[in-house]
Amino acid sequence: MSLTFHWFLPTNGDSRDVVGGGHGTPVTAAGRDRPPTVAYLSQIARAAEQLGFVGALTPTGTWCEDAWLTTAMVSQHTERLKFLVAFRPGSLSPTLAAQMASTYQRQSGGRLLLNVVTGGESREQRAFGDFLDKDARYARTGEFLHVVRELWRGGTVNHVGEHLRVEEARLNRLPDPVPEVYFGGSSPAAVSVAARYSDVYLTWGEPPADVALKIDRVRELAAREGRSVRFGIRLHVISRDRSEQAWAEAHRLLEGFDPQLVADIQRGLGQSESEGQRRMLALHGGRQDSLEIHPNLWAGIGLVRGGAGTALVGSHEEVADLIEEYHALGIEEFVLSGYPHLEEAYWFGEGVLPVLAGRGLWHHPVSGPLTREAAPEPALEVPAARRG
């Protein structure tokens, strides 16, 4: 089975430096280097599409542009790329979400994937009018997904739950295809919901041994529900022709981290209620040394960015090796990103994907070359990172 790769749309801004943000932390100044305009995000999307990525993740929160609206606009500038839209169930009704997904599928040609984010920060949730605690939010997410899935099956839904209530809910037009649901979370409550309702369980990029334990737990719980789920992982990537080039870039990024900014961000992330964020912080402990936590797995990104904080770093072959190691555990989908996202898409797409193709682990989702009509315009004449 061919591995699936997704890229990332930086709707909080892009830069040659790491752009912080997420989990209660503000977007760093670097996010103003390349504002998240539709024109720039479409460049990234077209590049990802051409290189062979299947989809692109967009984040959610007060620190970035709205994912539904942004991807709907960017979709009009692409032909095939799917959009993994992150959204929070507490922000809209399940009936409206099911209807929005149905509309999106018709207008985009079936290119919507849904990343359900329960929300790990109560303070940010309250800004959206959501005053439930974390466990209650996960319980509501379970009810939400139950209603949405019943609507997508064409049923009339009457649901009276602890957190949600709908009467005579029904869709006039069903989504075709039904969007797949991606779901992450490391707490027991999160894993339980994922096992019951998700199509793909996403983990942040922990070392392989820790990822294996998560996979085993979710697989066991899903089996109890009579279900099976696929597994994906969210990582950054720095891949170059030679290993020393990749590590030089990682060190350049690290040297750009202001120590006071790191301390402030780590203090803020330390207050997070997210179990996944706690696990990310534990990988580096706020230190700026000993950041290679597994061969070619670097925890430096997490010093200044909430959420996914680890990167695959190395030569194209070394990065492919680590991807293959994760795949051996059961990971089938990889959601990747890099700074800046346009150039790093080319480094990975032109460097690592051919290596994986040669190993029989990946093939381009379009059989044969793209037609002239479908081929995206080049995003840059020559990406700066690929010169010389």
(Q) Hydrophobic clustering (ILVMFWY, side-chain heavy atoms < 4.5 Å, transitive) - are Leu261 and Val18 grouped together? (A) yes
Q: Report yes or no: does Arg287 contribute a side-chain atom to a donor-acceptor pair with the main-chain N or O of His284 at less than 3.5 Å?
A: yes
Q | Thr141-Thr118 side chain donor-acceptor pair, cut-off 3.5 Å | A | yes
Q: Go through the side-chain N and O atoms of Ser102 and Arg106 and say whether any donor and acceptor fall under 3.5 Å apart.
A: yes
Q: Specify the closest pair of heavy atoms between Ile301 and Ala311, including all atoms of both residues, with the distance to one decimal.
A: CG1-CB, 4.2 Å
Q: May I ask you to decide if Phe83's main-chain N or O and Arg111's side chain share a donor-acceptor pair within less than 3.5 Å?
A: no
Q: Would you check if the side chain of Glu206 reaches a backbone N or O of Val211 as a donor-acceptor pair within less than 3.5 Å?
A: no
Q. With Asp258, which residues qualify under side-chain hydrogen bond (donor to acceptor under 3.5 Å, both in side chains), at least two apart?
A. none
Q. Between atom CG of Leu112 and atom OH of Tyr104, what is the distance when rounded to the nearest 0.5 Å?
A. 6.0 Å
Q: Go through Thr71 and Thr11 one step at a time and tell me if the side chain to side chain contact (heavy atoms under 4.5 Å, CB included) criterion holds.
A: CA-CA 10 Å; Thr71 60; Thr11 57; over 6 Å; no
Q. Among Phe8, Trp347, Tyr346, whose ring-ring contact (aromatic ring centres under 6.0 Å, His included) with His341 holds?
A. Phe8
Q. In Å, rounded to the nearest 0.5 Å, how long is the span from CD of Gln125 to CG of Leu132?
A. 9.0 Å
Q: Assess whether salt bridge (Lys or Arg N to Asp or Glu O under 4.0 Å) is satisfied between Arg278 and Glu275, documenting all intermediate values.
A: CA-CA 5 Å; Arg278 185 195 66 76; Glu275 175 64 15; 2.5 Å; yes
Q. Hey, quick one: are Leu221 and Val200 part of the same hydrophobic cluster, counting side-chain heavy atoms closer than 4.5 Å, chains of contacts allowed?
A. no
Q: Taking all heavy atoms of Leu329 and all of Ala212, pick out the closest pair and write down the distance.
A: CD2-CB, 4.0 Å
Q. Does one hydrophobic cluster hold both Ile265 and Leu253, with members joined at side-chain heavy-atom distances below 4.5 Å?
A. yes
Q) For Ser337 and Arg234, what are the C-alpha separation, side-chain angles and deciding distance, and is it a side chain to side chain contact (heavy atoms under 4.5 Å, CB included)? A) CA-CA 8 Å; Ser337 57; Arg234 171 77 180 95; 3.0 Å; yes
Q) Just checking, is any N or O donor in the side chain of Glu150 or His159 under 3.5 Å from an acceptor N or O on the other one? A) no
Q) How about Thr4 and Arg230: does a side-chain donor come under 3.5 Å of a side-chain acceptor? A) no
Q) Checking Asn158 side chain against Glu167 main chain: does a donor-acceptor pair fall under 3.5 Å? A) no
Q: Step by step, work out the side chain to side chain contact (heavy atoms under 4.5 Å, CB included) result for Val355 and Glu318.
A: CA-CA 10 Å; Val355 174; Glu318 289 171 335; over 6 Å; no
Q: Indicate if Leu113 and Val74 have the same hydrophobic cluster label, given that clusters are the connected sets of ILVMFWY residues with side-chain heavy-atom separations under 4.5 angstrom.
A: no
Q) Under 3.5 Å, is there a donor-acceptor pair between the side chain of Glu143 and the main chain of His163? A) yes
Q) Any side-chain heavy atom of Trp362 within less than 4.5 Å of one from Ile323? A) no
**Q.** Residue pair Leu81 / Ala56: nearest heavy atoms and the distance that separates them
**A.** CD2-CB, 3.9 Å
Q: Write down the atom of Gln277, the atom of Ser272, and the distance for their closest heavy-atom approach.
A: CB-OG, 3.6 Å
Q: Give the intermediate values and the outcome of salt bridge (Lys or Arg N to Asp or Glu O under 4.0 Å) for residues Arg240 and Glu344.
A: CA-CA 9 Å; Arg240 297 293 185 268; Glu344 287 297 337; 2.7 Å; yes
Q) Does His363 offer a backbone N or O that forms a donor-acceptor pair with the side chain of Ser2 under 3.5 Å? A) yes
Q: Go through the steps for Asn296 and Leu312 under the test side chain to side chain contact (heavy atoms under 4.5 Å, CB included), then give the verdict.
A: CA-CA 6 Å; Asn296 301 106; Leu312 307 172; over 6 Å; no
Q. Is the closest side-chain donor-acceptor distance between Thr70 and Glu65 under 3.5 Å?
A. no
Q: Spell out, as yes or no, whether a donor-acceptor pair under 3.5 Å connects the side chain of Glu333 to the backbone of His6.
A: no
(Q) Counting C-beta onward and ignoring hydrogens, is there a side-chain heavy-atom pair between Val304 and Val262 closer than 4.5 Å? (A) yes
Q: Could you note down all residue pairs passing ring-ring contact (aromatic ring centres under 6.0 Å, His included) where residues 187-210 supplies at least one of them, sequence neighbours left out?
A: His23-Trp204
Q | OG on Ser187 to CD on Glu273, rounded to 0.5 Å | A | 11.0 Å
Q. Parallel, tilted or perpendicular: which fits the ring planes of Phe144 and Phe87, with parallel below 30° and perpendicular above 60°?
A. tilted
Q) How about Tyr339 and Arg305: does a side-chain donor come under 3.5 Å of a side-chain acceptor? A) yes
Q. Is Val229 linked to Phe334 within one hydrophobic cluster, defined over Ile, Leu, Val, Met, Phe, Trp and Tyr using a side-chain heavy-atom separation of less than 4.5 Å?
A. yes
